[in-house]
A.B. asks: 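One structure coming up, written as structure tokens, with questions to follow.
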Amino acid sequence: MNEGERLTELAKRRGFYFPAADAYGGAAGFWTYGPQGAALKDNIEDAWRDRFVVQAGHQEISAPDVMPEPVFEASGHLDGFDDMIVECGECGATHRADHIVEDNTDIEEAESLPNEEVMEIIASNDIPCPSCQASLADEPVDNFNLMFETNIGPGSSSPGYLRPETAQGIFVEFPQLSEYARNQLPFGVAQIGKAYRNEISPRKSLVRVREFTQAELEHFVDPEEDEPPLSTVEDVTLPLYSGERQQADDGSVEQMTVGEAVETGVVTSDWVAYYLGIARDWYERIGIDMDRFRFRQHLPGELAHYASDCWDAEAEIDGDWIEITGFAYRGDYDLQKHAEYSGDDYTVFKQYDEPITVERPTVDPEMSYLGPEFGGDAQAVADALEQLAADDPDAFDGEEVSVDLDGESVTVPVDQTGFSVEEITENGEHITPHVVEPSFGVGRLIYTVLAHAYTEDEVDNETRTYLELPPEQAPTTVGVFPLMDRDGLGEYARQLAEGLRQAGHSVTYDDSGAIGRRYRRQDEIGTPYCLTVDYESLGDPEGDADPENLQTDTVTIRERDSTAQKRVSIDGLAETVERLVGGELTFDDL
RNA sequence: GCGCUGGUAGUGUAGUUGGUAUCACGUGACCUUGCCAUGGUCACAACCCGAGUUCAAAUCUCGGCCAGCGCACCA
């Protein structure tokens, strides 16, 4: 079994995740998180929230999963997510119609052409099926949209779509969100939520699915003035796999600090570099193996149309590199689009330190002259004069001024134009913010964390499987066991478990079978600590304990990774466990 | 979406001249067990779905669904 298979088996057996609706044959690309998986997902989301919202001083929102069509017309998903496909009647292979047209003709951007035209181009150019060379001349060109479509309300007059990314829910609400940020750049808005893509072929359990959770941050910045606090991350070492490195033969990763990456220009955007640094430490915190991790730069050909520089965080599993986060500098693309399509204001007013006075040439044409002189063209002449004043105020220096009207030059006396140069005080300007976007795939993070946490070792000549999860991420914090369920050990342990639960810990109580078996159960779900109530806890002088030195009201605490045990007092135990989980205390300190 | 391979208790598996299913782990109960999958007894639990062939289908045929891999796809 390879890593992925072992993980899938463990995930199903122990309740991390499994195919959804299996009773009805299931549906490809949909997974249910079981009790352990849902808890792990919550913990990872909480850790993300802690770092990218709370510590970063950003705000979190929750937008709808369904949005009306115009949102996706503006975002470009309606066209961009809509693939033109043509199916070969001979071999049945499906191809991107626009791609084969681009490959076989001089036409670029075939995607923007209507389907019928693409079909005609295929026929008239005799483009064959790339798989079997059969003629595609009479094959219809169809659309396949990766977005799930639905209807809002009765009938089909109001189409809606399940969002293919959470980001648009932030962009579309920018005017309101900006208001909440008191219109002060920079500010960040985060969202953790579901996104949906009707993928052609879901693969590799949680890696490519049709419904998934994204954790996205949209950091809105003033491109002219705002700088990331690079000094806080400049010494963080990044494993960078630049475009240049990818094209070189050895294809090796280069270890470089954030500071060096910015200085040498390997990462062109300071903002992206900043987030790579933040994210790298965060990945380590949630348990991703930094020896199986890299940041890969998008090659020029794979860059999205809106992005200038883009890096993916990738993790290695079974020799494959899986994208777990995309870091994009999206510029002002998204806000511009929504401004254009909605007509609303997606800018921020940026006040100057000092108001500035500018000279602005203006015209105030004498319409009672232009009207009789130019008739129906009078307004066009006035507009042309206004444009000329802005472009070339010197043209108004003489007695007459000429403007171009539909290729014809017309002349107007300057004294009829009302030309003047006004002094105007400007207090600031409207700018469209740029956006820096780290976008995390939560399911893929879970998959990676589990794969990297999966460990086997040997205890007393037996193979032991355990998940080396950081205590903070572990679905269950502590297992509580009586050594045996008799002589009051069980009652004592149940009370202990209850007390820990009331203190907010995620506790599993288990009195079934031998103690070793119970430890192994917890090992497999990554529970970092187990507490065992034994006879010494009760003050029973029988057995192993030194009767002269009985430590009543103590329990043993066992560490998952080392299987080492220590004896701790039940006084303040909830707090001790909390400090262990929080990393303020190590097991060795006990 | 195409192709290849596969689908048997919760998990991993055995099982082709067609006759209702093997083993292990697991789960539960009881006994044993004074700290790392103890031993014992008992119990629970499966042939992916549908159609066809047949007296009879886990087994043969067809279709579907699902999984893994390859191709394609991944604004």
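A, B, ... follow the sequence lines: proteins, then strands. Residue 1 opens every chain.
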A.B. asks: Check the interface with nucleotides 62-66 of chain B: list each N/O to N/O pair with the protein under 3.5 Å, or write none.
C.D. replies:
residue, atom, partner, partner atom, Å
C65(B), O2', Gly25(A), O, 2.8
C66(B), OP1, Ala28(A), N, 3.1
C66(B), O4', Gly25(A), O, 3.3

A.B. asks: Counting side-chain heavy atoms from CB outward, which of G1(B), G68(B), C35(B) is closest to Leu483(A)?
C.D. replies: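 Within the option list, the nearest is C35(B).
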A.B. asks: Does any N or O donor sit under 3.5 Å from an N or O acceptor when you compare the side chain of Arg14(A) with the base of G10(B)?
C.D. replies: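 For Arg14(A), whose side chain was compared with the base of G10(B), there is no donor-acceptor pair (under 3.5 Å).
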A.B. asks: Could you tell me the separation between the CD atom of Glu458(A) and the P atom of C36(B), rounded to a whole number of Å?
C.D. replies: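 Taking CD of Glu458(A) and P of C36(B), I get 16 Å after rounding.
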A.B. asks: Can you list every salt bridge (Lys or Arg N to Asp or Glu O under 4.0 Å) pair that touches residues 446-461 of chain A, not counting sequence neighbours?
C.D. replies: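 Only Asp457(A)-Arg464(A) qualify under salt bridge (Lys or Arg N to Asp or Glu O under 4.0 Å).
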A.B. asks: Test of understanding: with ring-ring contact (aromatic ring centres under 6.0 Å, His included), list the residues that count as partners of His452(A), not counting sequence neighbours.
C.D. replies: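 Expected list: none.
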A.B. asks: Taking N or O atoms only and anything under 3.5 Å, show me the protein contacts with nucleotides 11-14 of chain B, one pair per line.
C.D. replies:
residue, atom, partner, partner atom, Å
U11(B), OP1, Lys12(A), NZ, 2.6
U11(B), O2', Glu9(A), OE2, 2.6

A.B. asks: Side chain of Arg517(A) only, please: which of C71(B), C35(B), U38(B) is the nearest?
C.D. replies: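 Among C71(B), C35(B), U38(B), the one nearest the side chain of Arg517(A) is U38(B).
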A.B. asks: Please list each protein N or O that sits under 3.5 Å from an N or O in nucleotides 28-32 of chain B, with the distance.
C.D. replies:
residue, atom, partner, partner atom, Å
G28(B), OP2, Ser512(A), OG, 3.4

A.B. asks: ring-ring contact (aromatic ring centres under 6.0 Å, His included) with Phe327(A): which residues, sequence neighbours excluded?
C.D. replies: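 Once residues adjacent in sequence are excluded, the partners of Phe327(A) under the ring-ring contact (aromatic ring centres under 6.0 Å, His included) criterion are Phe295(A).
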A.B. asks: Output every pair passing salt bridge (Lys or Arg N to Asp or Glu O under 4.0 Å) with a member in residues 550-566 of chain A, not counting sequence neighbours, ordered by first then second residue.
C.D. replies: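 Listed by first then second residue: Asp523(A)-Arg558(A).
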A.B. asks: Tyr529(A): what forms a ring-ring contact (aromatic ring centres under 6.0 Å, His included) with it, not counting sequence neighbours?
C.D. replies: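 Partners of Tyr529(A) by the ring-ring contact (aromatic ring centres under 6.0 Å, His included) criterion come out as none, since no residue qualifies.
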A.B. asks: Using the test side chain to side chain contact (heavy atoms under 4.5 Å, CB included), find all partners of Ala28(A) that sit at least two apart in sequence or belong to another chain.
C.D. replies: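 For Ala28(A) the side chain to side chain contact (heavy atoms under 4.5 Å, CB included) partners, ignoring immediate neighbours, are Pro202(A), Arg210(A).
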A.B. asks: Mind checking ring-ring contact (aromatic ring centres under 6.0 Å, His included) for His505(A) and listing every partner two or more places apart, or none if nothing turns up?
C.D. replies: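 Residues passing ring-ring contact (aromatic ring centres under 6.0 Å, His included) with His505(A): none at all.
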A.B. asks: Counting only non-hydrogen atoms, which of residues 311-326 of chain A are less than 4.0 Å from RNA chain B?
C.D. replies: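 By residue number: none to list.
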A.B. asks: When rounded to the nearest Å, what value does the distance between P atoms of A51(B) and U38(B) take?
C.D. replies: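 Between the two P atoms, the distance is 46 Å.
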A.B. asks: With sugar-phosphate meaning primed atoms plus P, OP1 and OP2, does Asp534(A) contact a base, only sugar-phosphate, or nothing at under 4.0 Å between heavy atoms?
C.D. replies: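 The residue Asp534(A) makes base contact.
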A.B. asks: Determine the contact category for Gln565(A): base if any of its heavy atoms lies under 4.0 Å from a base atom, sugar-phosphate if only primed atoms, P, OP1 or OP2 are that close, otherwise nothing.
C.D. replies: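 Here Gln565(A) touches the bases of the nucleic acid.
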A.B. asks: What's Arg208(A) touching, base or sugar-phosphate or nothing? Going by heavy atoms closer than 4.0 Å.
C.D. replies: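 The residue Arg208(A) makes base contact.
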A.B. asks: May I have all residue pairs that pass salt bridge (Lys or Arg N to Asp or Glu O under 4.0 Å) and include part of residues 474-485 of chain A, sequence neighbours excluded?
C.D. replies: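 Every pair satisfying salt bridge (Lys or Arg N to Asp or Glu O under 4.0 Å) with a residue in residues 474-485 of chain A: Asp485(A)-Arg494(A).
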